[in-house]
S.K.: 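Structure below; questions to follow.
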Number of protein chains: 2
Amino acid sequence: MAVKQARQATIKDIARELGLSVATVSRALSRPELLKPETRERVLAVAHRLGYQPNLIARGLRMQETRLIFVVTRSLSPFFLDVFRGVEVAAREFGYDVLMGHTEYIAEREGLFLDQVASGRADGVILVTSADAVALATRRRPMPPLVAALEAIDGLSVPTVCIDHTEAGAQAARHLIGLGHRRIAQIAGPGQMSMAKDRSEGFEREMRRAGLDPSAYPVLSGDFSIDFGEAAMRTLLAATPPPTAVFAANDEMAVGVLQAVKQARLEIGRDISVIGFNDQRIASLYEPQLTTVHVPTAELGYHSMRQMLRLLRGESTGEVIVLPTAVVERQTTGPAPAERPVRARGEKAPV
Amino acid sequence: MAVKQARQATIKDIARELGLSVATVSRALSRPELLKPETRERVLAVAHRLGYQPNLIARGLRMQETRLIFVVTRSLSPFFLDVFRGVEVAAREFGYDVLMGHTEYIAEREGLFLDQVASGRADGVILVTSADAVALATRRRPMPPLVAALEAIDGLSVPTVCIDHTEAGAQAARHLIGLGHRRIAQIAGPGQMSMAKDRSEGFEREMRRAGLDPSAYPVLSGDFSIDFGEAAMRTLLAATPPPTAVFAANDEMAVGVLQAVKQARLEIGRDISVIGFNDQRIASLYEPQLTTVHVPTAELGYHSMRQMLRLLRGESTGEVIVLPTAVVERQTTGPAPAERPVRARGEKAPV
DNA sequence: TTGAAAGCGCTAACAT
DNA sequence: ATGTTAGCGCTTTCAA
């Protein structure tokens, strides 16, 4: 007696089996208080026996909502994972599901995720760092619920949860300058990313304020990879005189810098100070432990989801939340080394 | 003239605008060859102008498929990310989408993802490491399309793409033994994870084969974290005599081991050899670079997705694909240190 | 080549 | 307290 049971049970199956209407079965599942307890029990029992699972597609079609949010990142680095975890916490609090997708730095794939929302697969997307606002907004009517995390999307006014990248860059500079460094180089992020530019600008602004020339060393623009950091540092080390301190726009590049410094047999934190950005796990894991600008990743995610929820309820528009950053001082930065005196501008050489 | 355009356009809107039936519009979009070219063009033009996006929910309801696959992992470690990337490659080749979710080691959350499939949100799930087969299979009728990646699911016969964890453990042991080590300790993975047990067993089997006692040192069962590895190693270092080589069941614990060795001011690769497992990025990044058992993560993902596709077409059942592993020798293992001679069993002491 | 109509599984008015 | 009915947006017979 091969019982054919290949199909998922539906409320119709349950209704038929009990001689009830589908409406009653639906109510038993979603608004049990409306039913006579006995009926409710009977329905639930059969539902359980049949292994019933509500068809969320059908429900979504009817309700016009999925209670699903997509988190879209550019890559799958551990950094974004931390943001995602924060999103999840908030999502779970409010009965939403979250799934993660990534674009591999292909700008148009951001749009594809938005289309998924337009297609009813999710209620909204949290975009952690966006590439191309113009392409995003164009040809998308209406614009699906969208919140920007980590950085604002240029030219697009959507709820945003970010950090002040400019100020964070300035913090890095102040740390180094406060330690007495004057020959300071920076390794920036990708030139097209506005958050990379902001960090860079904040950094340079602070250098100028301290009377230093931010272009004394070439500002190398990297791809956030360890390899790039290493190569860049080799270049910087070849300068005469070499810098005594380096700011790398993320921790991975900073690790590359450290590798190069080690290879050059210089002492980290003494001959050369290095500060990173993000405070990823590798920062405290690497040896020596990396001084870096802490970014509250999980909080970024958490508040992004909260904003999304508000947006979905029609409560919020274009609001910007800025989370604080701070330098975490560990082992890779120290006082500027004593040196044969280098003249500051306008200062006279001793006789 | 505030144009109200809050709703996504539907085929109905397009049909109305052109005085066509929804059927024709639908065909223009999905089976254009059936239409008079001119009509097709008109439909496409309006669709484009209205920013039309097909409602995948509705289509899914009708077609009973989503072309979406969930990849479910226990945690969001970089290791699983690599597997996910492999899945994506295969998915894209065949016009599927993939989204990633994780269970935070909560066994029942695996079931929730399966329920999502039963609920029509996705066509199947690729489970990268499963906790509880029994709970998984119970009360789920019919069983949604499922493939196991990385390890087989005990007691559940589903398509599987894995490595031979037992053999991989044996490879680690052979490497150490081949280097002349005889005082070898191991730090195993979580006791409930069968893949952890398998690695452990393979390792011990090989030790016995070489006449060594695998329980000479306590086998510590950890949670795959760096901290555990470090603590475990401190324990092992306190033994007299301490081991000259250690096998850690993943790279993170191995890194913890290395930290402890450094703190003890012993030389890695000379006083103590350490071998890890997985060959994650940190393995080649850490200093010194970690010798480890390479696991083909991306391939694991890629083939899992291929299996899923086959399963969805009704082509495959219970097939198991085993991918090869191999020791990658780097800097943390070396010849066993010369020592005051320790007698092998039955060997006479010199007079 | 196109249209009418049914139906995927569910929920919510609106009856009763 | 429960049933009837319409409809979410789409695809697909079946007819014309």
Side-chain angles (χ1 to χ4, degrees), chain A residues 6-44 46-47 50-68 115-123 142, chain B residues 6-44 46-47 50-68 115-123 142:
Chain A
R7 234 183 62 260
Q8 270 293 326
T10 68
I11 52 173
K12 205 166 166 184
D13 298 321
I14 301 177
R16 190 178 331 106
E17 179 148 346
L18 288 163
L20 290 169
S21 74
V22 291
T24 306
V25 175
S26 172
R27 281 189 280 256
L29 267 14
S30 47
R31 321 206 22 204
E33 71 279 9
L34 296 182
L35 263 59
K36 187 162 66 178
E38 190 222 318
T39 324
R40 192 200 321 149
E41 294 314 323
R42 283 168 56 216
V43 172
L44 262 28
V46 174
L50 259 36
Y52 171 78
Q53 288 292 334
N55 185 320
L56 296 180
I57 290 291
R59 180 183 289 169
L61 184 59
R62 176 68 225 232
M63 310 292 274
Q64 304 286 42
E65 68 158 11
T66 60
R67 300 190 79 80
L68 219 202
D115 292 343
Q116 295 264 327
V117 178
S119 295
R121 271 219 180 136
D123 293 344
Chain B
R7 234 183 62 258
Q8 270 294 325
T10 68
I11 52 173
K12 207 168 167 183
D13 298 320
I14 302 177
R16 191 178 331 104
E17 179 147 344
L18 288 164
L20 290 170
S21 74
V22 292
T24 305
V25 175
S26 171
R27 281 190 278 257
L29 268 13
S30 48
R31 319 203 30 202
E33 71 278 9
L34 296 182
L35 262 60
K36 187 161 64 177
E38 190 222 317
T39 325
R40 192 200 321 148
E41 293 314 322
R42 284 168 58 218
V43 172
L44 262 27
V46 175
L50 260 36
Y52 170 78
Q53 289 291 336
N55 185 319
L56 297 179
I57 290 291
R59 180 182 290 169
L61 184 58
R62 177 64 224 234
M63 310 293 274
Q64 305 285 40
E65 70 159 8
T66 60
R67 298 189 80 78
L68 219 203
D115 291 344
Q116 295 265 326
V117 177
S119 295
R121 271 219 180 136
D123 294 343

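Side chains included, hydrogens not; waters and symmetry mates left out as well; all remaining heavy atoms used.
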S.K.: Select one nucleotide: of C:dG3, D:dG9, C:dA12, the one nearest the side-chain heavy atoms of A:Ala23.
M.R.: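 It is C:dA12.
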S.K.: Consider the side chain of B:Leu20, meaning its heavy atoms from C-beta on, and name the nucleotide among D:dT2, D:dC8, C:dT2 that approaches it most closely.
M.R.: C:dT2
S.K.: Which listed nucleotide (C:dA13, C:dT1, D:dT12) is nearest to the side chain of B:Thr39?
M.R.: C:dT1
S.K.: Let's see if you can work this out: which of C:dT11, D:dT11, D:dC10 has an atom nearest to the side-chain heavy atoms of A:Ser30?
M.R.: C:dT11
S.K.: Which nucleotide in the set D:dC8, D:dG3, D:dT11 lies at the smallest distance from any side-chain heavy atom of B:Lys12?
M.R.: D:dC8
S.K.: Can you check whether A:Ser21 has a side-chain N or O nearer than 4.0 Å to OP1 or OP2 of D:dG3?
M.R.: yes
S.K.: Whether A:Arg59 contacts C:dG9 is assessed here as follows: a side-chain N or O lying under 4.0 Å from the phosphate OP1 or OP2. Is that the case?
M.R.: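 Negative; the distance criterion is not met.
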S.K.: When you match A:Thr24 and B:Ile57 each to their closest nucleotide on DNA chain D, which lands nearer the 5' end?
M.R.: A:Thr24
S.K.: Identify the two heavy atoms, one from A:Arg40 and one from A:Pro32, that lie closest to each other, and give their separation to 0.1 Å.
M.R.: NE-O, 3.3 Å
S.K.: Provide the closest heavy-atom pair for B:Pro54 versus A:Ser119 in the form atom of the first, atom of the second, distance.
M.R.: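 Nearest pair, atom of B:Pro54 first, then A:Ser119: O-OG, 2.9 Å.
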S.K.: Which nucleotide in the set D:dT12, C:dC10, C:dT1 lies at the smallest distance from any side-chain heavy atom of B:Arg31?
M.R.: D:dT12
S.K.: So, using side chain to side chain donor-acceptor pair (under 3.5 Å) as the criterion, who are the partners of B:Arg27 when residues are at least two apart?
M.R.: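 Once residues adjacent in sequence are excluded, B:Arg27 has no partner under the side chain to side chain donor-acceptor pair (under 3.5 Å) criterion.
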S.K.: Among the candidates C:dG3, D:dT2, C:dC10, find the nucleotide nearest to the side-chain atoms of B:Arg27.
M.R.: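 Within the option list, the nearest is C:dG3.
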